Structure formats: C-alpha cells, structure tokens
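The next block holds one structure in the form of structure tokens; read it before the comments.
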Amino acid sequence: MDIKKIEKKWQEKWEAAKFNRFDPADKEREKLYVLEMFSYPSGAKLHIGHWYNYGPTDSYARFKRMQGYNVFQPMGFDAFGLPAENYAIKTGIHPKDSTLKNIETMEGQLKAMGAMFDWSAEIKTCTEEYYKWTQWMFLQLYKKGLAYRKEAPVNWCPSCNTVLANEQVVEGRCERCDSPVVRKNLTQWFFKITAYAEELLSGLDTVDWPEKTKNMQRNWIGRSTGCEIEFECENGEKFKVYTTRCDTVYGVTYVVLAPEHPLARKLTTPEQRDAVEAYIDYASRANEIERLSSTREKTGVFTGSYCTNPVTGKKIPIYLADYVLYSYGTGAVMAVPAHDERDFAFATKYGLPIVKVIEKQGGETILPFTEDGIVACSSPFDGLVGEEAREKIAACIASVGKGGKKVNYRLRDWLVSRQRYWGAPIPVIHCKKCGAVPVPEKDLPVKLPYDVEFRPDGKSPLAKCEKFMNTTCPKCGGQALRDPDTLDTFVCSSWYYLRYADPKNDKAPFDREKVDRLLPVDVYVGGAEHSCMHLLYARFFTKALRDMGYLDFDEPFKRLVHQGVILGPDGNRMSKSHGNVVSPDDYVNEYGADAFRLYLMFGFSYTEGGPWNDDGIKAISKFMDRVEKLVNRAAGIGKKQELPFGAEEKALNYARNFNIKRVSEDMEAFSFNTAIARLMELTNALYKYDGLTGEKNLWLFRETVKDLVLLLAPCAPHFCEELWEMLGGKGFVFEQPFPKEDQAALVLDEKEYAVQVNSKIVCRVMIPTAYSEKEIEEYVQTLPEVAEKTAGKSVKKCIVVLGRLVNLIVG
RNA sequence: GCGGACGUGGCGGAAUGGCAGACGCGUCGGACUUAGAAUCCGAUGGGGCACCGUGCAGGUUCAAGUCCUGUCGUCCGCACCA
C-alpha cells in the first residue's frame, strides 16, 4: 500500500465531503465536545509532544464519532506571547510575520496528521477578530468590578531599563546583560480571581479530573482557617495579624511586619531610622526566589516601637523581617518563638524572649514545639487542647472587638499587565482629568500597531509608539494616553474554548444559544503543566461570565485528561541544549502518519509518557501489513451457505466479541496501549483460524476482519478507510457504527479454573460454566492432583471465584 | 521541609484483592530460500525442577504487584502562607 498516496487521498475526500465539520443543526446525535489544548506557535514545526497530544486524542474523538456522537473537535493557535517577541529581538523578524508563518506550517502538518479537526472553527488569538473580544472580556470584568489597578513589583533590569519576565531572570540577573535584577513597583492591572476562591475550590468536587490535578489546585488556592488579632501600638496605630494558632497568643513575645507594610516607616523611631531604611532597601533588592527560600537565614530589624498583646496586656517589640510576606494574610504576624520554627530561629538570633504556653500531651515539651497540645500559662484557657482552645480564644478576642475567626487563601489576584509588545493591548485610556477610563466597546479593538520598535532600549515597546499612545479621553474629549501594557496571554486562552462555538461572530464574542448547545467541553486533553494557571484562569472566566449572564454552566471542562511527556532517548526532557530532540518528521515520512500515531499509542502508557525509543515502530508497520493481508483474503469472500460453526468458530467469535468489548472500554479510558494490544490479539486469532485445515466458515472470517478494520479505524484513520474500501464498504469507514459485542458469543460452555489447595496452585482444569459453586467444589475433589493433597484431611472451607479459581482449605 | 505519584523480565509495558509478566520489542530454534532480506510457525522470568520471584522489611487476608505500617530510590508539584 502506498501510504503517502492513501493519506492524501483520504484527506482530500474528507475535506471535499466537509466530513470533519461539526453540524450544529444535527439534533439527533448527542453532541460531544472533545478539545485538545491549542498550539503555541513558537517553533515552526510540530514536535513529538504535539503528535502525542493530538494523535491519540483524535483517535478518541473518532471512536466516539463511530459510537454515534456528534463530535466537535476544533483546533487553533495561542499566538501571542513572549517567545515570538524574543525571537524578533534576536532576528529582527516581526512577531506577527514569524507567528503567522509558523501557524501556516503547523496547519499543514496538523492536516497531514489526519486529525478530524473542524478547521472552519479555527481561531488565532493574535488576530484582531479574536483579540477584540479578549479586550471586550477585560471591559466586562472591569464593569463587574473584577479588574482593578494597584501597585505591584516587577523584575527590573536597571541597565536595560526594562521589565523582565520571571523566565528572563537567571539566578537573580538579567539574562541579556547579566546585571542584578531589582524589584520595582509599577501600577498594574489585576483580575480579582480571589473573589471566586471558595467556588474554585468547591467546584473541583464536581468535575471528572485527575485527583492529582485537583489537589494541585486545592493547594494553589490554599484555604486556611485561622484568626485575625488586632494589636495597638503606643502611638495609637493599630494593625492586624493573621494566625492559625491563636491558642498560642499568650506566648507572643514580639510581632513582625513585612518590610513593605505601610506602617513600617510610621512605626520607626528616629534612633532606628537608618537601620530600618537600610533593611527595607536590602529586602527590596532580594529577588523573589531568594526571598521565598525557606533555607535562607532569617534577617530583620527592630523598629524601635512597641505594641500591646491584646490578651496579656504586655508590651512587646515590633520588628520588620522579610520572612513575613506582605501579600499573604495581613502582612504582619504575631511571633510565638516557643511554638513556631521560624519565630524560634529569629528569636534565638536576636535574643528575644521565648515563652512556652503549650505542653505536649504525655511527653516532654521540646522547643520549638509546633504541634497541638495543652494550653498552659494562659489563664483562663489553661488545660484546653488544640481546636477547642482555638475556638474559645478566638471567641474571646471577637468579644472584646480585637478580631476573630477568619478564612484566608494563598491564591493571589491575577496580575494581567505585561510591559510587552506581542499581546492584546489593554483597552484603557489614561486621562489627566478623568483617570483610567475604559475604551468604549464600540471602539474595540484597540489595534496593536505593526510599526513598533520592539527591541529593548529602555521603554516598553508600545509606550514609545506615539501614534498608538496619543488619543482622546472618551469621557471628556481631552488629550489622553493609552495604557502601554498588553494582556497576559493566559487571558487569551481563558475563553478560547467558548469562541470555537461561534468563531466568526463579529457582533459578540459568542452567541449564547450556540454556546449553550456545545459547552461545556466534554473531554479536555492537554499537559499537566497547566494544572494551576491556565485551568484555574479558565474556570474563573467561566464563573465570572456566568455571573454576568453570558453563560449557564459552572465548570468549563467536565472531564480532563493529561497526556504524559515523551522524553528524549536519554530520559531527559527533550531540548536543544540536551541535544536529544527527536523529530517526528523522519518517522512520518518513512512509515506514514498512521503508523506513527499507532506507535505513539502502543509504545507508551498515555498518561505516563516516557523516554523515546523507536524499537517497536517496525513492529507496528508489520502489524499493519498483517491486517492488510487479512483484508486482502477477506475481500474476495462472498456469502456462503451451510457454514460450519464448531469449536474453532466459537473460539474465533469469542475472540472477536471479547476484543470488541475490551477495545471499547480501553478507548474510553484513554488506555490506548492496551486497546492496540487487543487488536493485535484479534489479528493473531484471525491468523490462527486462517491457518486451520479443513472447511472453514469464511463468512465468519470475513465479518471478523470487517470488525477488526472498524475497531482499528480510529487509531489508523487513512489506512482503515482504504481497507474499508477494499472490503467493498460503502461510504467512509467513520460513517459506520463502532462494533458492539454480542453478549451471547461471550458466554462459554466451560472456563479454565486454577485449582488451589491451601492457597497453592495444584492444577488447572476446565469446568463447565453451568456448574454451581457446590458442584465445582465437589468436582475438584475428584481430581487426582487434588485428592493427593487432601488425602486424610478434611475440607474446612472452599472459596470459589466464578470463572477463575477454586481454593480448598484443608487441615 | 511539606504534599502527591511511581518502583514489575534484557527492554517498552499488562494485570475489578483471585493463575504475575497480556501485547510488543529483543533473543533462541524451525520452515521457506542458492543465500540474505521479508514472511510464517514455535520457545522465551529465574532455578539445583523441591521451589523462588513485582525496590527493601514487616502486617492484614483463604489469597497481596494491588490493602496497611515503616524504609530506600526516582519523578512531579508547592516551598518562610504565620
């Protein structure tokens, strides 16, 4: 078979018949939205990871289509982003040009893969038609109060005079010029994802996702219940701390504010001013990674001020230390050195008192003791333990108006401003008189200008493009400037699955009715690296849009599957620097797209992945040849009368139906390697039957070969279309229903049992399926092998596992 | 440091608590060939043939790769979250 020719042949036929198009008008069949995470066109070609994500998932989609679903499987490109911009800086090729060129190549390759993508629904996030609606999303979130501005630190390279993304910071230095990177505050846009923290957490219980992914999101959201406690300073200033251990509040010997805390300078006494300023400066230099390292030695400085412990009335010192994070809780903590490791280390270093207020139950208390224990030296709460102590103490604090119970989340609001060129411009105008004014919807899109100096020279690319920046205020008509920042590309990918439902709409991001019909996504397949960011952002968008009345469902992705990672042959992640990149192209050229897809499905456990190894690819090719030979033999067989149906026929028919059942189950479970193994078994069974002498039931043979082709079709689409045609089948093979097993054929007259005596295998024996447990028990005792072991002993117990095993316990 | 997943032949990998190693690669043997390639058929965990085998040590069970406890190793995620 000329693989190249038949691939082209069937791709053209599918195309001509618009066979891959989803038909929204078809109400007969149940819709099924199968979605693969769209491609990021940073490189020109598809790599093995693309094939591994898209090939097997396409086979799943085709399988569901044959099972009678109206399948929608779209594809598009997540086309904005930093790599294209960096590439442009390096080569001078404009990001738009390189991206569109890459997309064109990838489209061609994706089509050559033979996946049934509905290209009529294709989207590219960098086109005006798309990012217009990304900007619209921003405006809706703004209207709803879910987009706001605040100061936030960025990585700043003082030498390049520019903002760096985290990945451009290498060991605290600028990747380009090697100068130390500092943190600098800029006013930036945020999305208030924290408003949905509770629902993002509880919604996880309603989706069919890998448990691991759900746990990662739970940790990322990081719900914690504790208590806020207010401390009052000598000068009258008040601040709150957050703690999960209010049962230790009598052991507080000092408090610590984050260096960025607004009260940090206000509470500094003149004598401490220099030391505090120096410390704040020191803390601002430390980059995020250093700062967050738990092994970093604790540092801090005394402010010179004191505050009062609200429960003991004692005067305690106020410190600044960068082990306290301004962004979590209240940015201030009460320090209990006796019962917290960090506080213990800090107090030891700075000679602060350590007061024990918790005793270990039934043992010696060794400080720092951080577990729950018996409250002591905390009258009137002495003797209480753990949760009960916390409840009582929190209630007491609440009753005197000094705070009370509080839930906190680790989740932060989503910073969406990027000081970059290649993204969707933020649709906001800054007016001296009116402040930040959203661009009116009728003026969208705010077009990203083409002629821009994106090479770094001290200013962000859009900021120095006067044509872009200068505009008029939509409110007062006065002179105003545009926001020079672009949106994080995760904003684009937070709603693309909705746009696929209505990709050409120029009046709205999507039509409600169309989205209602298609969404939510039934099966979403993509890399586990998106467990937290993309998948959380997309869920947030869905919930926000629902609350604005644009949608009517809570979760965008009902079922989620992560494919594993194909590593280089050396077991490392494929990368140019490792020199272990395996290109799919050579294999596809030599063996064809179908063989390559089959091999990816067969050679790895789909969700595990593993090191690349091509040992088995020839075997797949051979397997296909074997199937083709069977088809050649079966093709010439017409209907016959008076056919034998003896034991051999029964065995073949059993193999046929058993494998239909197993392949269906395995495909549904994304267990592709075992599905292909079943198909090989069926192929072997057919060869075995074909090799028999004597009269054969050729019609059964033919029908079984036909089923084999249908079962294999989702995994080797072009190949099986061709085989289907050879068998004289009408229409496309994908118009045929996926075979269903005949239950009657799965009922055997007898089954092989393992016979055990005292849990040791004695023999194997065929037992009629009609036998009852009692009959089986009696029967096995007549076997000579069993009699030998049970001689002179009595049977105390007999365990029968129907169809599998008998275990006689004797003694 | 915390959390999670995983650990099975020479290799990739299978096994609702019920015959460990499906399927395939590789290897060995045979058939067909002048010969090779291709193809087909068969064998293939180890072994002293009593048994022993799923990283290691225990436990639960009639029965454990599977469940429980501990331990070692690999990978992933989070990482001063008070």
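It should be emphasised that the depicted structure is a prediction, and the values quoted were computed from it without experimental measurement. Chain letters run A, B, ... following the sequence lines, proteins first and then strands; every chain starts at 1.
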request  = Remember a base hit wins even if backbone is also touched, and classify A:Leu805 as base, sugar-phosphate or nothing at under 4.0 Å, heavy atoms.
outcome  = base
ask   = Quick one: are the ring centres of A:Phe302 and A:Tyr254 less than 6.0 Å apart?
value = no
inquiry  = I'd like to know if A:Lys240 pairs up with A:Glu230 as an ion pair, taking the criterion as any Lys NZ or Arg NE/NH1/NH2 lying under 4.0 Å from an Asp or Glu carboxylate oxygen.
reply    = no
task = Measure from the side chain of A:Gln756, starting at C-beta and using heavy atoms only, and say which of B:rC11, B:rG18, B:rA82 lies closest.
result = B:rG18
inquiry  = My understanding is that a pair needs two contacts under 3.5 Å, Watson-Crick or G-U wobble. By that rule, which nucleotide pairs with B:rC23?
reply    = B:rG12
inquiry  = Nearest heavy atom decides the nucleotide; on that basis, is A:Phe604 or A:Ala332 closer to the 5' end of RNA chain B?
reply    = A:Phe604
message = Please tell me if A:Arg626 has a side-chain N or O lying less than 4.0 Å from either OP1 or OP2 of B:rC40.
response = yes
inquiry  = Starting the side chain at C-beta, find the nucleotide from B:rC23, B:rC52, B:rC19 nearest to A:Lys760.
reply    = B:rC52
remark   = Partner of B:rC2 under the Watson-Crick or G-U wobble criteria, both distances under 3.5 Å, comes out as B:rG77
Atom pair distance, as rounded to whole Å: CZ in A:Arg633 and P in B:rC40 = 13 Å
message = Consider ring-ring contact (aromatic ring centres under 6.0 Å, His included). Of A:Trp612, A:Tyr587, A:Trp51, A:Tyr52, which one does A:Tyr599 pass it with?
response = A:Trp612
task = Measure from the side-chain N and O atoms of A:Tyr687 to the backbone N and O of A:Arg626, and report whether any donor-acceptor pair falls under 3.5 Å.
result = yes
ask   = For B:rC68, does the glycosidic angle fall within 90° of 0 (syn) or outside that (anti)?
value = anti
task = Could you state the atom-to-atom distance from CD of A:Glu529 to C1' of B:rA5 in whole Å?
result = 17 Å
key: In B:rG70, glycosidic geometry as syn within 90° of 0 or anti otherwise   = anti
